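Written below as structure tokens is the structure these notes are about.
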Amino acid sequence: MYEVIKAILERRSHRSFTEQAVKFEDVKIILDCALAAPSGMGKQTWKFVAVVNPEKIQKLATAVGSALKRGAYYNMYKPQVLIITSNLRDSKYREVDNACAMENIYLACQDLGLGCVWINQLQDCHDDPEVRAILTEFGIPQDHGVYGCAAIGYPAKVPAPKEITGQWSIIN
């Protein structure tokens with residue numbers, strides 16, 4: 001089977017990670033894959049920030065948990081890397097552009113033997129003052145909204161393969 005197709009079909013969301021650090025070179029590869037995603041009209045109005053410090057990730061997770069009234073237990077699955085995908089708020093294609101980049105992040109992680117899960121919560125609270133202060137500290141511009149995060153690390157366990165479901169048809 002082709003390698004890309006195999007990666008697509010075998011990719012799973014991972015929600016538990018070991019404490020093993022992800023190699024800096026692998027983080028750079030993942031970010032390059034995000035940048036290689038298609039974007040509406042080729043404008044690439046996005047920004048990707050990789051946070052590789054677990055304490056800073058937890059600081060953000062705590063602020064998000066507070067903003068969403070989830071309490072102190074919220075931890076974004078304790079990843080070793082958190083890639084925050086942001087885009088200009090007034091970009092017509094902001095959400096779909098970032099979704100394409102997130103899929104590239106997922107596939108890069110699969111190929112590198114890393115686990116990844118998409119986290120949506122920042123989309124709902126990126127303008128909460130405490131959350132925004134942390135995002136600003138991380139270099140995310142004020143004119144950007146956050147449209148997803150990728151929690152990344154070495155999988156603590158590999159989820160069982162799932163049956164592919166849904167519908168498709170071919171019209172001749």
Side-chain angles (χ1 to χ4, degrees), residues 1-40 42-58 60-61 64-65 74-87 91 93-124 126 135 138-140 144-170:
M1 184 182 302
Y2 298 105
E3 290 181 42
V4 172
I5 293 171
K6 185 175 190 280
I8 291 169
L9 295 175
E10 292 181 358
R11 186 217 53 79
R12 300 287 175 265
S13 292
H14 297 267
R15 291 177 175 84
S16 61
F17 304 101
T18 69
E19 292 184 7
Q20 180 181 351
V22 175
K23 292 181 237 165
F24 182 73
E25 278 301 314
D26 288 347
V27 175
K28 286 175 47 180
I29 289 168
I30 295 165
L31 291 168
D32 283 342
C33 289
L35 289 171
S39 67
K43 291 192 175 189
Q44 301 175 331
T45 55
W46 50 37
K47 181 170 184 166
F48 306 106
V49 173
V51 184
V52 297
N53 179 312
E55 291 80 26
K56 289 183 179 184
I57 294 169
Q58 188 53 50
L60 177 61
V64 169
Y74 188 70
N75 63 18
M76 295 182 164
Y77 306 110
K78 293 184 174 181
Q80 293 301 304
V81 177
L82 184 72
I83 296 179
I84 303 168
T85 69
S86 70
N87 209 317
S91 170
Y93 306 108
R94 64 188 175 270
E95 292 172 347
V96 293
D97 286 356
N98 283 55
C100 288
M102 285 290 288
E103 181 67 9
N104 279 13
I105 290 168
Y106 258 110
L107 295 175
C109 287
Q110 176 70 22
D111 200 44
L112 293 167
L114 297 165
C116 181
V117 67
W118 189 321
I119 297 176
N120 282 310
Q121 285 74 19
L122 271 169
Q123 185 169 344
D124 298 328
H126 59 247
L135 294 175
F138 291 170
I140 296 173
H144 274 222
V146 175
Y147 301 102
C149 295
I152 299 169
Y154 288 94
K157 60 182 178 180
V158 177
K162 293 183 180 178
E163 179 182 342
I164 297 173
T165 60
Q167 298 180 28
W168 59 266
S169 59
I170 299 174

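Computed from a predicted structure; not experimentally measured.
The CG atom of Asn104 sits 11.0 Å away from atom CG of Asp32, with the distance rounded to the nearest 0.5 Å. Atom CZ in Phe48 sits 7.5 Å away from atom CG in Asn87 (nearest 0.5 Å). The structure places SG of Cys116 at 8.0 Å from CZ of Arg11, a figure rounded to the nearest 0.5 Å. Rounding to the nearest 0.5 angstrom, the gap separating the CZ atom in Arg15 from the NZ atom in Lys157 is 10.5 Å. Put simply, OH on Tyr2 and CD1 on Ile8 are 13.0 Å apart, with the number rounded to the nearest 0.5 Å. Atom-to-atom distance recorded for Arg94:CZ and Thr45:OG1 is 9.5 Å, nearest 0.5 angstrom.
Ala151 approaches Met76 most closely through the heavy-atom pair CB-O, 3.7 Å. When all heavy atoms are compared, the tightest approach of Trp46 to Asp97 is CZ3-O, 3.5 Å. Shortest non-hydrogen contact noted between Ile84 and Cys149 is CG1-SG, 4.0 Å. In plain terms, the two heavy atoms of Val51 and Ile57 that are nearest each other are O-CD1, 3.5 Å. Contact record, His144 with Lys47: CE1-CB, 3.8 Å, taken as the closest heavy-atom pair. Contact between Val22 and Gly153 at its shortest, heavy atoms only, is CG2-CA, 4.0 Å.
Just one of Asp26, Ile105, Val117, Leu82 meets the side chain to side chain contact (heavy atoms under 4.5 Å, CB included) condition when paired with Ile152; it is Ile105.
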Exercise. Could you please spell out the steps behind the side-chain contact (heavy atoms from CB on, under 4.5 Å) verdict for Ile5 and Leu9?
Key: CA-CA 6 Å; Ile5 293 171; Leu9 295 175; 3.8 Å; yes
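For the pair Leu114/Ile30, a side-chain contact is recorded, criterion being any heavy-atom separation below 4.5 Å from C-beta on.
Remark: Lys6 does not engage Glu3 in a salt bridge, criterion side-chain N to carboxylate O under 4.0 Å.
Ring geometry for Trp118 versus Tyr106: interplanar angle of 30 to 60°, hence tilted.
Looking only at distances, no side-chain donor or acceptor of His14 sits under 3.5 Å from a matching main-chain atom of Pro155.
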